[in-house]
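Structure, as structure tokens:
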Amino acid sequence: MQTITSGSSSILSSTNPIWFIIFSSLFFRTRYRILQWTGVLIGFIGVAITQGSFELQFQKGFWYAIGTGMAWGFATLLTSR
């Protein structure tokens, strides 16, 4: 919490559904419809807007929080398989 706010950390770590779709399509070749990919795109745009109008701050806390979301999405993928 020294480099980013707790709100930013919460938003970035809650990106796990987005990462779930990306990882499942990459690693397990799951096919998603265009509507689902549109949701992923809208999700990334929403995260970028909430993090400061496309001015993402690439500080150490940012990478920890985004890594948390990625790890959570990957763990969800593995437990669902």
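Throughout, numbering of the chain's residues begins at 1 and tracks the sequence.
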Can you list everything that forms a side-chain contact (heavy atoms from CB on, under 4.5 Å) with Ser13? Sequence neighbours excluded, please.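 Once residues adjacent in sequence are excluded, the partners of Ser13 under the side-chain contact (heavy atoms from CB on, under 4.5 Å) criterion are Thr68.
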Looking at residues at least two apart in the chain, or sitting in another chain, which of them share a side-chain contact (heavy atoms from CB on, under 4.5 Å) with Ser10?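 Per chain and number, Ser10 pairs via side-chain contact (heavy atoms from CB on, under 4.5 Å) with Ser14.
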Roughly how far, to the nearest 0.5 Å, is [atom2] of [Y] from [atom1] of [X]?
{"X": "Ile66", "Y": "Trp63", "atom1": "CD1", "atom2": "CH2", "result": "7.5 Å"}
{"X": "Ile11", "Y": "Ile4", "atom1": "CD1", "atom2": "CD1", "result": "9.5 Å"}
{"X": "Leu26", "Y": "Ile21", "atom1": "CG", "atom2": "CD1", "result": "12.0 Å"}

Nearest non-hydrogen partners of Leu77 and Phe20, listed with the distance: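 Answer, listing the atom of Leu77 first, then Phe20: CA-CE1, 3.3 Å.
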Could you report the tightest heavy-atom contact between Thr15 and Gly69, atom names first, then the distance?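 Minimum heavy-atom separation between Thr15 and Gly69: OG1-CA, 4.0 Å.
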Do Ser9 and Ser6 get their side chains close enough for a donor-acceptor pair, meaning under 3.5 Å?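 No - no donor-acceptor pair under 3.5 Å links their side chains.
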Pairs where residues 72-81 contributes a residue and the test side-chain hydrogen bond (donor to acceptor under 3.5 Å, both in side chains) is met, not counting sequence neighbours: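 Of all non-adjacent pairs touching residues 72-81, those that pass side-chain hydrogen bond (donor to acceptor under 3.5 Å, both in side chains) are Thr30-Arg81.
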ring-ring contact (aromatic ring centres under 6.0 Å, His included) partners for Phe74, two or more places apart: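 Phe74 satisfies ring-ring contact (aromatic ring centres under 6.0 Å, His included) with Phe23, Phe27 once adjacent residues are dropped.
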Ignoring hydrogens and angles, write down the donor-acceptor pairs under 3.5 Å from the side chains of residues 31-39, residues two or more places apart or on other chains.
unit_1	atom_1	unit_2	atom_2	d
Tyr32	OH	Ser24	OG	2.6
Gln36	OE1	Arg33	N	2.8
Thr38	OG1	Ile34	O	2.7

